[in-house]
Amino acid sequence: MRIYLLSSIFMLLQTLFVFGQEKIQRIEPINWWVGMKDSKLQLILYGQGVGKLTAKSPKAGFRLLKQHQVENPNYLFLDMEIAADAKSGEYPIQLFDRDKQVFSYGYQLMDRNQEQVKAQGVNASDFIYLIMPDRFANGNPKNDRIKGMREMAVNRDSMYYRHGGDLQGLIGKLDYLKDLGITAVWLTPVLTNDMPQASYHGYANTENYQVDPRFGSNQDYQNLGAELHKRGMKLVHDVVPNHVGIYHWTVMDKPFSDWLHEWPTFTQTTYKDQTIFDPYGAKEDKELMEKGWFVKTMPDMNQQNPFVVNYITQSHIWWIEFAGVDGFRIDTYPYNDLQFMANWTDRIRKEYPTFSFFGETWVPGIANQAYFLGGQQVGQPVDTKLEGVTDFQLNYAISDALKEHKDGANRLYSTLGADYLYPNPYAHVLFLDNHDKDRFFSVVGENVEKYKSAMSWLLTYRGIPQIYYGAEILMKNFNNPDGLLREDFKGGFPGDKVDKFQQTGRTAQEEDIFRHIQKLANFRKNSPVLQTGKLQHYVPIDNIYVYFRYNDSQKIMVIMNLKSEAKSISLDRFDRMIGSNSLLDLLSDKKETGGDIISLKPFETKIYKLQNK
């Protein structure tokens, strides 16, 4: 009933409410809830001439505090207060032209679903699987094309058109992901992107309260959250506070002249994050970085405008409450206004204290990355409250280490050694590749031993491991020149000749990698030592890197040979950590019988459980 009601609300708001020459086209947020910790709510009413009218809210429990008639007469902003004892139901919002009522709408305040799982937070006990929904699985071919949208083409032979993957397809593959050892699913943005080109990726939303109908419905997204939670898994929602698509309805008819950051002519960001914190930097350079547009089709939101602040923040809270979201991945974090991000985080945490965030910080240095985190560890004027980032610095390090960098092991050692700059490095998301970066199997020259070594590192190091869809079946290719890193997962689409979701569809090599990841992931899922255990590492010698994960009850030893030749290593140096324990190979379940010497193949990584003899 609750789902049906919300669907009806959205359909109703697509209808034009006519009063004289004026029309109401939208009211957002499309509904809200009683019993929220923050009693304030700002509604946007949009329609021809609506700003000329006077609003009233006559029913007790939903009080109109103030109405804002802004520059654009097609907008009316209403500051509302929900009483602590307000009951769920319809609350009329009336609009008057002088003393004549011309419009009344029953705004829905709903009961919060006390049985719904939500806002669990994503942490170091999790293993995240990143999916581009359009490229993963097509569960409903009927929604591949939606009449009236700007992009109608569906062409699986091109990386730049839509392919038809959707939420229903993903729901049908959740058991596959659980079996692999995945505990959280992060989707690239699912909101409507009514853009004429490349709308599949989701990073230029044109609606804030609607799932893209080519992915499914709001109900489908809510069902996805419920199905994940039923399996003990979590939902990560990709948010984009910095920008929207050029065809977003508030961009096509702006409520304020300063709703966006705009310049006399198109001005793109410099992508120079250093200008945000450079003590010698020019103010003009900082403004170009923060206020320039990401690309021409993605207008930059003015996060210093209080109405923009409310619009963005309320829509994100809405999705947590509606769909049972557990954590946010925050797109293009360094381009946001940092004071806005701190306040935004506080407002969300006020409602959901256990909610978690990690920000995309695609920056070139360790100190650069640390700057955007909370805690003011490196002297920021603003405590952003951000707890974790996508750890690009370790991504660069593991890439160098396995591309036969002459000092690759030391790159890992020295990068991890800078963790003192981070308030909580265990909240960082560790990854090998993603939807923007070359697939790691290609990065390492399709060398299976190197790839296994990378996966072993990923699942035994500190932080929250994340893999990109298809990494477990050796999907490959580069971003440039053809974007093939976003290929379809074979078996997810009608007519596919092979099904990689099934063992019978995987090659022997693919199955070997799948089982490698599966074994480590499921061991990690049940092993606190690899989630929250301490980490101790040793200065590499001859490009061999050794580290331990340990707690009061268990120790894990990892030995990485980062050379293109077989090596042997004496364990004498690690006697204090090993003690009187024997070594059990985690992957083969065999005891190490080599005494005090361990032999490793080129680029091999071995993982040992330390056990009493």
Are [X] and [Y] side-chain neighbours, meaning at least one heavy-atom pair lies under 4.5 Å?
| X | Y | value |
| --- | --- | --- |
| Val236 | Leu130 | no |
| Met233 | Leu177 | yes |
| Pro241 | Met301 | no |
| Val50 | Leu95 | yes |
| Asp419 | Arg462 | yes |

Could you tell me which non-hydrogen atom of [X] sits nearest to which non-hydrogen atom of [Y], and how far apart they are?
| X | Y | answer |
| --- | --- | --- |
| Pro255 | Val70 | O-CG2, 3.7 Å |
| Phe215 | Pro189 | CE1-O, 3.8 Å |
| Leu41 | Pro29 | CD1-CG, 4.0 Å |
| Arg524 | Ala124 | NH2-O, 2.8 Å |
| Ile146 | Arg214 | CG1-CG, 3.5 Å |
| Ile320 | Ala119 | CG2-CB, 4.3 Å |

Between the side chains of [X] and [Y], is a donor N or O closer than 3.5 angstrom to an acceptor N or O?
| X | Y | answer |
| --- | --- | --- |
| His201 | Asp134 | no |
| Glu71 | Ser257 | yes |
| Tyr371 | Asp273 | no |
| Gln120 | Asp326 | yes |
| Asp194 | His248 | no |
| Ser199 | Glu151 | yes |
| Gln339 | Asn343 | yes |
| Asp126 | Thr183 | yes |
| Tyr46 | Glu28 | no |

So, [X] side chain and [Y] main chain: donor-acceptor pair closer than 3.5 Å or not?
| X | Y | value |
| --- | --- | --- |
| Asp253 | Thr250 | no |
| Ser315 | Ile312 | yes |
| Asn72 | Lys254 | yes |
| Ser39 | Ala83 | no |
| Ser88 | Leu109 | no |
| Asp38 | Lys40 | yes |
| Arg231 | Lys178 | no |
| Glu360 | Thr332 | yes |
| Lys59 | Ile93 | no |
| Asn218 | Val211 | yes |

Could you check whether the rings of [X] and [Y] sit parallel, tilted or perpendicular, using 30° and 60° as the cut-offs?
| X | Y | result |
| --- | --- | --- |
| Tyr75 | Phe77 | parallel |
| Phe328 | Phe355 | perpendicular |
| Tyr107 | Tyr105 | perpendicular |
| Tyr209 | Trp318 | perpendicular |

Cation-pi check, [X] onto [Y] ring (under 6.0 Å, within 45° of axis):
| X | Y | result |
| --- | --- | --- |
| Lys118 | Tyr352 | no |
| Lys296 | Phe266 | yes |
| Arg150 | Tyr247 | yes |

Determine whether more than 12 heavy atoms belonging to other residues, nucleotides or ligands lie under 6.0 Å from atom NZ of Lys142.
no
Just wondering, are more than 12 heavy atoms of other shown residues or ligands nearer than 6.0 Å to CD in Gln101?
yes
Let's go through Asp391 and Gln369 carefully: what are the C-alpha distance in whole Å and the side-chain angles of both, what is the deciding distance for side chain to side chain donor-acceptor pair (under 3.5 Å) to 0.1 Å, and is it a yes or a no?
CA-CA 8 Å; Asp391 199 335; Gln369 185 165 284; 2.9 Å; yes
Charged N to carboxylate O under 4.0 angstrom, [X] versus [Y]?
| X | Y | value |
| --- | --- | --- |
| Arg26 | Glu207 | yes |
| Arg349 | Glu387 | yes |
| Arg347 | Glu351 | no |
| Asp238 | Arg329 | yes |

Looking at [X] versus [Y], is the centre-to-centre ring distance below 6.0 Å?
| X | Y | answer |
| --- | --- | --- |
| Phe307 | Trp259 | no |
| His428 | Tyr422 | yes |
| His316 | Trp344 | yes |
| Phe256 | His68 | no |
| Tyr129 | Trp186 | no |

Just do the side chain to side chain contact (heavy atoms under 4.5 Å, CB included) check on Phe392 and Val363 with the steps written out, would you?
CA-CA 7 Å; Phe392 276 84; Val363 294; 5.9 Å; no
Let me see the working for Leu43 and Trp32 under side chain to side chain contact (heavy atoms under 4.5 Å, CB included), right down to the final yes or no.
CA-CA 10 Å; Leu43 300 179; Trp32 208 250; over 6 Å; no
Phe358 and Leu386: CA distance, side-chain angles, deciding distance, side chain to side chain contact (heavy atoms under 4.5 Å, CB included) verdict
CA-CA 7 Å; Phe358 60 94; Leu386 180 66; 5.6 Å; no
List the steps, then state whether side chain to side chain contact (heavy atoms under 4.5 Å, CB included) holds for Leu45 with Leu78.
CA-CA 8 Å; Leu45 278 64; Leu78 304 180; 3.8 Å; yes
The single option from Asn193, Asn205, Thr206 that satisfies side chain to side chain contact (heavy atoms under 4.5 Å, CB included) with Val244 is Asn205
So Asp212 and Thr192, side chain to side chain donor-acceptor pair (under 3.5 Å) or not? Walk me through it.
CA-CA 4 Å; Asp212 195 301; Thr192 296; 4.8 Å; no
Can Asp331 and Asn242 be said to form a side chain to side chain donor-acceptor pair (under 3.5 Å), step by step?
CA-CA 8 Å; Asp331 183 60; Asn242 179 69; over 6 Å; no
Go through the steps to decide whether Gln42 and Asp79 satisfy the test side chain to side chain donor-acceptor pair (under 3.5 Å), and finish with yes or no.
CA-CA 5 Å; Gln42 187 171 83; Asp79 293 345; 2.8 Å; yes
